[in-house]
Trainee: 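Quick one: structure below, then a few questions.
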Amino acid sequence: ETSRPTTPTPGLEYDVLVEIERCDPGEAIGTVTNNGDETVNVFIDVTFEDADGVKVGDRIATARAVAPGTTRDWDAPYLGINDYETCHARISSVFSAPD
């Protein structure tokens, strides 16, 4: 599963991709790749669903200071350890990282 953001700040566009690598008991794990030209902070909405597709929880993950041309890991621990079957991630916001 992958997600690209909408533009969070007028006049600025980011080429950022989020992927889920694993949806394990207790956490979702993935990566953020920055294909853009500036270092960014990325906030990721992660939802956990049961076997019927009903949302049973959510978390926010972050990938900070993702430099251009690099990939950074993220994780989203979930305390409702065994009550979900799948998880989804989408980029909620992307901001320029301070120098």
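Note that the structure is a prediction, hence the values are computed from the model and not measured.
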Trainee: Quiz question: by atom type and distance under 3.5 Å, do the side chains of Glu38 and Ser96 form a donor-acceptor pair?
Mentor: yes
Trainee: Return each pair, listed once, that meets disulfide (SG to SG under 2.5 Å) where at least one residue sits in residues 22-76; pairs must be two or more places apart or across chains.
Mentor: Cys23-Cys87
Trainee: Testing the basics here: between Glu27 and Phe48, what is the closest heavy-atom pair and its distance to 0.1 Å?
Mentor: C-CE2, 4.4 Å
Trainee: Do Ile29 and Asp24 have side-chain heavy atoms sitting under 4.5 Å apart?
Mentor: yes
Trainee: List in chain and number order the residues that pass side-chain contact (heavy atoms from CB on, under 4.5 Å) with Pro77, two or more places apart in sequence or in another chain; answer none if no residue qualifies.
Mentor: Asp75
Trainee: Who passes side chain to side chain donor-acceptor pair (under 3.5 Å) against Asp58, sequence neighbours left out?
Mentor: Lys55
Trainee: I want to check something: taking the side chain as every heavy atom from C-beta on, are Val40 and Val16 in contact at a cut-off of under 4.5 Å?
Mentor: yes
Trainee: Any idea which heavy atoms bring Gly26 and Tyr84 closest together, and the distance?
Mentor: N-OH, 3.1 Å
Trainee: Once you round to the nearest 0.5 Å, how far does OH of Tyr14 lie from CG of Asn34?
Mentor: 10.0 Å
Trainee: So Val32 and Trp74, do their side chains get closer than 4.5 Å, heavy atoms only?
Mentor: yes
Trainee: Evaluate the side-chain proximity of Arg90 to Ile44: yes if any heavy-atom separation is below 4.5 Å, no if none is.
Mentor: no
Trainee: For Asp52, check side-chain contact (heavy atoms from CB on, under 4.5 Å) against everything at least two apart and list the hits.
Mentor: Asp50, Val54
Trainee: Just by distance, do the side chain of Asn41 and the backbone of Phe95 share a donor-acceptor pair under 3.5 Å?
Mentor: no
Trainee: Just grab all the disulfide (SG to SG under 2.5 Å) pairs involving residues 27-62, residues at least two apart or on different chains.
Mentor: none
Trainee: Could you report the tightest heavy-atom contact between Tyr78 and Val56, atom names first, then the distance?
Mentor: OH-O, 2.8 Å
Trainee: Could you give the distance from CZ (Phe43) to CD1 (Ile91), rounded to the nearest 0.5 Å?
Mentor: 12.0 Å
Trainee: What is the minimum heavy-atom distance between Arg72 and Arg64, and which atoms define it?
Mentor: NH1-O, 2.7 Å
Trainee: Between Pro68 and Gly36, which heavy-atom pair has the shortest distance, and what is it?
Mentor: CB-O, 3.2 Å
Trainee: Just jot down the side chain to side chain donor-acceptor pair (under 3.5 Å) partners of Thr33, sequence neighbours excluded, or say none.
Mentor: Thr71
Trainee: Do Glu49 and Glu85 come close enough that some side-chain heavy atom pair is under 4.5 Å?
Mentor: no
Trainee: Which atom names give the shortest non-hydrogen contact between Thr39 and Ala67, and what distance separates them?
Mentor: OG1-CA, 3.7 Å
